[in-house]
Amino acid sequence: MILDKHNRNHNYLRISLTEKCNLRCEYCMPAEGIPLLPAAKLMQANEVFAIAKTFVEMGVNKIRLTGGEPLVRKDFNAILRSLATLPVELAISTNGVLVDKHLAVFKESGLQKINLSLDSLQPEKFAQITRRNDFKKVTENLELLLHQGFHVKINVVLMRGFNDDEIIDFINFTKTRNVAVRFIEFMPFDGNAWNREKMVPLAEILETAKTAFGENLIALKNHKNDTAKNFKIAGYAGTWGVISTVTSPFCSGCNRLRLTADGKIKNCLFSNQEMDLLSALRENKPLENLIKTAVWGKHAIRAGMDSPEKFQDESLNQDNRSMIAIGG
Ligand code: SAM
Ligand code: SF4
Ligand code: SF4
């Protein structure tokens, strides 16, 4: 068990495989880009495996690959195949652009859970937010995944005045498709020009859904580790939910740890205190105590930003990596 001092067990590891991406989502990547780390500082495929194996031996039973865009890594297939030899459930977060080229290795490795980012159902808006023209590819790949029976969640970062008028369209997307749509409250990270007004809160999303669906809106029972508050519309095939990290954090059931592409453990999405596991591995030092120490120091809520005031304080919330360098 990897426990923290709040008695939370951490059995879920999110590994960022790269800081690179083939999209440029405004809320994730600063307009000027980020300085990329030299390749020598990044985990090689065998190092990803070695560090992951240590976590699994300590009690991790679920690993999600993320980034940046994990599928742009040339050795992605080799990494996935090696992780598939560990006794863990595998999952991935992807923007979907390269999914069709990886279906075979997903199946071979038993990877069924796929979170796919899609912030608009309108091609022009997709191009605007991602600064790329891949709407057709992403939506075709989404349908392909659903058709082939993968468990798909669609991540939608809501931004006021941009895609908040698509809440009902996204919920209706679940009418005939067995998919889970998750609206994510826009969060502050280094260089993403966050302000509270741009964020669409859980309460407002719920109000919009209640007005549209009335009695047909059903609240679903949540599991303690759930990041989303989940709902469905009576008679619809899929479900939808809200990840309300800003207005209603769900830290009490947090079971998540993050490993950055340069091999640093982050005990919380918002923590800027990192422990360098990759250097330790390269120096043949044991990792277990470093991991235990990093997790023990975890704050109860959002790396100590436990009030709305602290969360909105730029000196606290921007003192972190940009999301693309964390691995969301
Ligand atoms: N490239 C992959 C993707 O887009 O799914 C994986 C990495 S991405 C950083 C992981 C998730 O973080 C995506 O769903 C993305 O929408 C979300 N994300 C990025 N920046 C965010 C922000 N400022 N607020 C909320 N969610 C954010
Ligand atoms: Fe790339 Fe994902 Fe960030 Fe978009 S959200 S820029 S797809 S890493
Ligand atoms: Fe866990 Fe930090 Fe996210 Fe809270 S903000 S759920 S503690 S990772």
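Both counts, for ligands and for their atoms, begin at 1 and track the order of listing. For reference, positions follow the sequence shown, starting with 1.
Protein heavy atom nearest atom 3 (Fe) of ligand 2, with residue, atom name and distance: Cys28 SG, 2.4 Å. Taking atom 4 (Fe) of ligand 2 as the reference point, the nearest protein heavy-atom neighbour is Cys25 SG, 2.3 Å.
In summary, Glu108 and Arg81 engage in a salt bridge, as defined by a charged side-chain N under 4.0 Å from a carboxylate O. Taking a cutoff of 4.0 Å between a charged side-chain nitrogen and a carboxylate oxygen, Asp75 and Arg73 qualify as a salt bridge. With respect to the salt-bridge test (charged N to carboxylate O, under 4.0 angstrom), the residues Arg160 and Glu197 do not qualify. Using a cutoff of 4.0 Å between basic side-chain nitrogens and carboxylate oxygens, Asp306 and Lys310 are scored as salt-bridged. A salt bridge links Lys125 to Asp165: at least one charged side-chain nitrogen sits closer than 4.0 Å to a carboxylate oxygen.
Between the side chains of Lys229 and Ser244, at least one donor-acceptor pair of N or O atoms lies under 3.5 Å. The closest side-chain donor-acceptor pair between Asn216 and Tyr236, if any, does not fall under 3.5 angstrom. Side-chain N/O atoms of Asn163 and Asp119 include no donor and acceptor closer than 3.5 Å. A donor-acceptor contact under 3.5 angstrom links the side chains of Asn230 and Asn222, judged on distance only. Side-chain N/O atoms of Tyr12 and Asn61 include no donor and acceptor closer than 3.5 Å.
Ligand 1 has no nitrogen or oxygen under 3.5 angstrom from a nitrogen or oxygen of Ser93. The N/O atoms of Ile184, backbone and side chain alike, include none that comes under 3.5 Å of an N/O atom in ligand 1. Residue Pro70 has no N or O atom closer than 3.5 Å to an N or O atom of ligand 1.
Counting the atoms of ligand 3 from 1 in the order shown, those under 4.0 Å from a heavy atom of Arg258 are 8 (S). Close contacts of ligand 3 with Phe250, meaning ligand atoms under 4.0 Å from a residue heavy atom, involve 6 (S). Those atoms of ligand 2 that come under 4.0 Å of a heavy atom in Gly68, given as number and element, are 8 (S). Counting atoms of ligand 2 from 1 in the listed order, those under 4.0 Å from a heavy atom of Cys21 are 1 (Fe), 6 (S), 7 (S), 8 (S). Under a 4.0 Å criterion applied to the non-hydrogen atoms of Asn192, ligand 1 contributes the atoms 23 (N). Every atom of ligand 1 with a heavy atom of Thr66 under 4.0 Å away is listed here by number and element: 6 (C), 7 (C). Every atom of ligand 1 with a heavy atom of Glu69 under 4.0 Å away is listed here by number and element: 1 (N), 2 (C). Every atom of ligand 1 is numbered from 1 in the order shown, and the set under 4.0 Å from a heavy atom of Asn155 is 14 (O).
Ligand 2 lies nowhere less than 4.0 angstrom from a heavy atom belonging to Ser117. Within the 4.0 Å heavy-atom cutoff, Gly67 counts among the residues contacting ligand 1.
Across the listed options Glu185, Met187, Glu26, Met187 owns the non-hydrogen atom lying nearest to atom 22 (C) of ligand 1. The option from Cys28, Ser117, Gly68 that lies nearest to atom 5 (O) of ligand 1, judged by heavy atoms, is Ser117.
Checked against Ile154 for a side-chain contact (heavy atoms from CB on, under 4.5 Å), the options Ile114, Leu121, Val181 give a single hit: Val181.
Ile265 contributes atom CD1, which lies 7.5 Å from atom CG of Leu13 (distance to the nearest 0.5 angstrom).
For Gln273, the CD atom counts as loosely surrounded, since its 6.0 Å shell holds 12 or fewer non-hydrogen atoms of other residues, nucleotides or ligands.
Between Trp194 and Phe186, the ring-plane angle classifies as tilted under the 30° and 60° cut-offs.
Taking a cut-off of 2.8 Å, the protein N, O or S atoms nearer than that to atom 2 (Fe) of ligand 3 are Cys268 SG.
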